[in-house]
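The structure under discussion appears below in the form of structure tokens.
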Amino acid sequence: MIAKVIVDVPSSQTDRLYDYEIPEEWIEIVQVGIRVIVPFGPRKIQGFVVDIVSESTFEKTKPIIEVMDVVPILTDELIQLGEWLSEQTLSFRLSAYQLMIPAALRTKVKKEVHLKTERQKISKEILPLFEKENKIPWEQVSKNNRLLKVIHQFVKDGFLEITYQVEEKGKKKTERYIKLASTHLEIEDIPSRAVKQKEVLSYVAQHKEPISVQALLDATNTTRHVLTTLIKKGYVQEIELEVYRDPLAGTNYERTEPRSLTAKQTEVITPIWESLEGEAHQTFLLHGVTGSGKTEVYLQSIDKSLRAGKEAIVLVPEISLTPQMVQRFKGRFGSKVAVLHSGLSMGEKYDEWRKILRKEVQVVVGARSAIFAPFTNIGIIIIDEEHETSYKQEEHPRYHARDVAIKRGQYYKCPVILGSATPSLESYARAIKGVYNLLPLTERVNNRPMPAVNVIDMREELRQGNRSMFSQVLLEKLRERIAKGEQSVLFLNRRGYSTFVMCRDCGYVATCDHCDISLTYHRTNHSLKCHYCGHEEKMPNTCESCGSDHIRFFGSGTQKVEEELTRVLPEAKVIRMDIDTTRRKGAHEKLLTAFGKGEADILLGTQMIAKGLDFPKITLVGVLAADSMLHIPDFRSAERTFQLMEQVSGRAGRHDLAGEVIIQSYTPNHYSIELVRTHDYDQFFKMEMSQRKMGLYPPYVFMVLINISHVELTHVINVSEKITTFLKRQLASDTVVLGPVASPLTRIKDRYRYQCMIKYRNESGLRETLREIQQHYIREMNQGQLQVSIDMHPYIFI
DNA sequence: AGCACGCCGACT
DNA sequence: GTCGGCGTGCTC
């Protein structure tokens, strides 16, 4: 029998199936979906078995060396899905499969040199290497060419051997447990004076299951000594048992019961349940305003799925995967829930994933990659905040979780729910066209009003002589809240202290040496940072260009706002949340908990506070610079502005106290800002669609972005031009090929970046054409200088 | 990605 | 002559 294997070598030349002989004794063991170790040239490497056939068309197949899994780690469905995914995203099949397994299972191959003979036969030159052991790691000799030569000679002579050890990165965690020994000794045999021994033994005897050492010692209030004696005497034995790392250890979840649904909720849940029960796949777009009770619809739909003996996947954006969010699912479904997100350690992720594989849980709540959860009987897939761009992976394979969800939904004939208060234009357009089933949920539960939104014209403020970043109204409202003991949230989509640093005399702006971007001043360590490559330098005292000391800061980031706040509102206690204050593990939660406990009056932050925050005392939300996103050269900037403003507004007045929103803007009449006032999504959709139609942007067309980068500017331009010309020749006449143009960020990390863009409606041969481009530049890309990356349906254009 | 093979310039 | 530089092509 022959196993078709995808080998663990990420390159386009090896992105195909390799045939390996299944040794007679493993015919029963080798199955589709397991990992194996196979010989590959002179090396041995890992591979995924994706098919088993009776014979190979290849002449000399080598046998499989080792089997890595007893149970398949990829289901047939996932293997198919990976093939589809690699075709869709133009990436390697291997990369697709690696997405589906936890990092802990990714193997590292350790290369070693082994001594195979008596030391006397080895030359003096390399003898010292084997002083301690008969093997040394390859890294110890790989840098030394002289040594390599000698080693190669000895390998030829058979005195040394080069071996490849395949190791998994993650380990299963084990703990020591105590159970009764199989040799039945009677408790009466213990001398009566050994009171503690008797006590411990009877405790063990009372419990059927093995008990962890620590638990036993705690329960019997004794020390390790007594236990050791019992083990020595042969009454009990110590065993190692595999345990799960519990990322949520110590947290207790309050059980919640299904709430009775409102009439509106019932109306939207009915078709979902019908799809579930009828096993008829459908994609639903649940358009529910903030506070309309979308989550309860999710929960009861999941419950329905579980009752039908099926599983559920729930995706939420990474940043909103807060304990608050997890709590809602754990509260309802308890231990049936696994949680997957980037905050977990590699081991924790591995454990959560194994619970899914072993069917110990039926619900998974996680960020983007949780869409690949290895369930085999999915009853429902939910994507919350479906408009979030974080569902698109921005590195290869550049997939969108929404597409994967629908693909899996079709396979399992189950409903897929896309939920959002501000759906992406693409999804809403599809819903209107009838491709998705639109489920509007336009009223808030208990008829709570949407927060009142007040847009402040900052030009007017300026005219009245207010040059600060807080409008009169905002300041007044902030003071009011502090006086009343209520809380406020201030939002600014920019971290650091200032956006750029300029010399007043000559106009010189400090820029990064490696990127074409101005540096941001960070007050905390008095330095200038590049937000793209991480480069950091000391803040100069004089202008680098003219030597003047009139260096000034322009624009403001969260750090500056924080400083300003303490100046104008000295009585306010402020918590700042941005990447800089939340980088440390757990910092995010700590700051939120502090705010929740009322330890601060104002929460000041970037993007990350726009979602999921739900504190009863927040009654004021202020957006300091609503335009900051609007003027980014990206066709989605208006959409993002509207979504963000709506999202942020949703933080206010979620409970008994009414909420209020202040939006400061220099372009208050732009529809993306003005329509937030009335929370009018439909109107926004209409306006934005007409813009998209005029500019020929999605959802009217599909896009492909090709990024080309190289250290040499002339070469980038050259390659980009060739690619564009090729595309124009190959593609349909109604397809638009734009470029090549310099990327908005022309240089990052010393590499020049150009791009070509494709806008198309129908293009059957597109993927083949793009594959040809990839194929054509393989050589040059392998050599390391050139990068050509293709992004289907891009979200980031810089 | 590695690794071997093979073809040219520079040195014992 | 040979050592070692890197370009080229293969891995079931």
Query raised in the report: To the nearest Å, how far apart are A:Glu780 CD and C:dG7 P?
Result: 12 Å

Query raised in the report: Is the backbone of A:Thr163 close enough, under 3.5 Å, to the side chain of A:Glu112 for a donor and an acceptor to pair up by distance?
Result: no

Query raised in the report: C:dT11 P sits how many Å from A:Phe40 CZ, rounded?
Result: 8 Å

Query - Passing candidate, ring-ring contact (aromatic ring centres under 6.0 Å, His included) with A:Tyr18, options A:Phe58, A:Phe40, A:Phe48 - result: A:Phe40

Requested in this report: Measure from NZ or CZ of A:Arg354 to the centre of the six-membered ring of A:Tyr350, then state whether that distance is under 6.0 Å and the direction lies within 45° of the axis.
Outcome: yes

Report task. Could you give me the CA-CA distance, side-chain angles and deciding distance for A:Ile790 and A:Gln774, then say whether side-chain contact (heavy atoms from CB on, under 4.5 Å) is met? Result -> CA-CA 8 Å; A:Ile790 300 174; A:Gln774 277 184 335; 3.8 Å; yes

Requested in this report: Compare side-chain N and O positions of A:Lys60 against OP1 and OP2 of C:dC12 and report whether any pair is under 4.0 Å apart.
Outcome: no

Query - Backbone N/O of A:Ser527 and side chain of A:Glu536: donor-acceptor pair under 3.5 Å - result: no

Query raised in the report: In this structure, which one of A:Ile758, A:Leu731, A:Val704 forms a side chain to side chain contact (heavy atoms under 4.5 Å, CB included) with A:Thr769?
Result: A:Leu731

Query raised in the report: Ring of A:Tyr18 versus six-membered ring of C:dC12: centres under 5.5 Å and planes under 30°?
Result: no

Distances under 3.5 Å only, N/O to N/O: pair up the protein atoms with those of nucleotides 8-10 of chain C.
unit_1: C:dC10; atom_1: N4; unit_2: A:Gln13; atom_2: OE1; d: 3.2

**Report entry** A:His281 side chain reached by A:Val416 side chain, heavy atoms, under 4.5 Å
**Finding:** yes

Query raised in the report: A:Ser11 near the nucleic acid: base, sugar-phosphate alone, or nothing, with a heavy-atom cut-off under 4.0 Å?
Result: base

Report task. Could you tell me the separation between the CG atom of A:Leu94 and the C1' atom of C:dT11, rounded to a whole number of Å? Result -> 15 Å

Query raised in the report: Reckon A:Phe58 touches a base, only the sugar-phosphate, or nothing at all at heavy-atom distances under 4.0 Å?
Result: base

Query raised in the report: In whole angstrom, what separates A:Ile162's CD1 from B:dG2's C1'?
Result: 12 Å

Query raised in the report: For residues 23-39 of chain A, which residues have at least one heavy atom under 4.0 Å from DNA chain B?
Result: none

Report task. With heavy atoms under 4.0 Å as the rule, sort A:Lys44 into base, sugar-phosphate or nothing. Result -> nothing

Report task. Could you tell me the separation between the CD1 atom of A:Ile64 and the P atom of C:dC12, rounded to a whole number of Å? Result -> 13 Å

Query raised in the report: Quick one: A:Phe48 CZ to C:dC12 P, roughly how many Å, whole number?
Result: 18 Å

Requested in this report: Using whole Å, report how far CG of A:Asp15 lies from P of B:dA1.
Outcome: 13 Å

Requested in this report: Establish, with yes or no, whether the OP1 or OP2 oxygen of B:dC3 is under 4.0 angstrom from a side-chain nitrogen or oxygen of A:Arg43.
Outcome: no

Query raised in the report: Is it true that a side-chain atom of A:Glu763 and a backbone atom of A:Ala732 form a donor plus acceptor pair closer than 3.5 Å?
Result: yes

Query - 4.5 Å side-chain heavy-atom contact, A:Leu74 and A:Val50 - result: no

Query raised in the report: Just how far, in rounded Å, is P of B:dA1 from CZ of A:Arg106?
Result: 16 Å

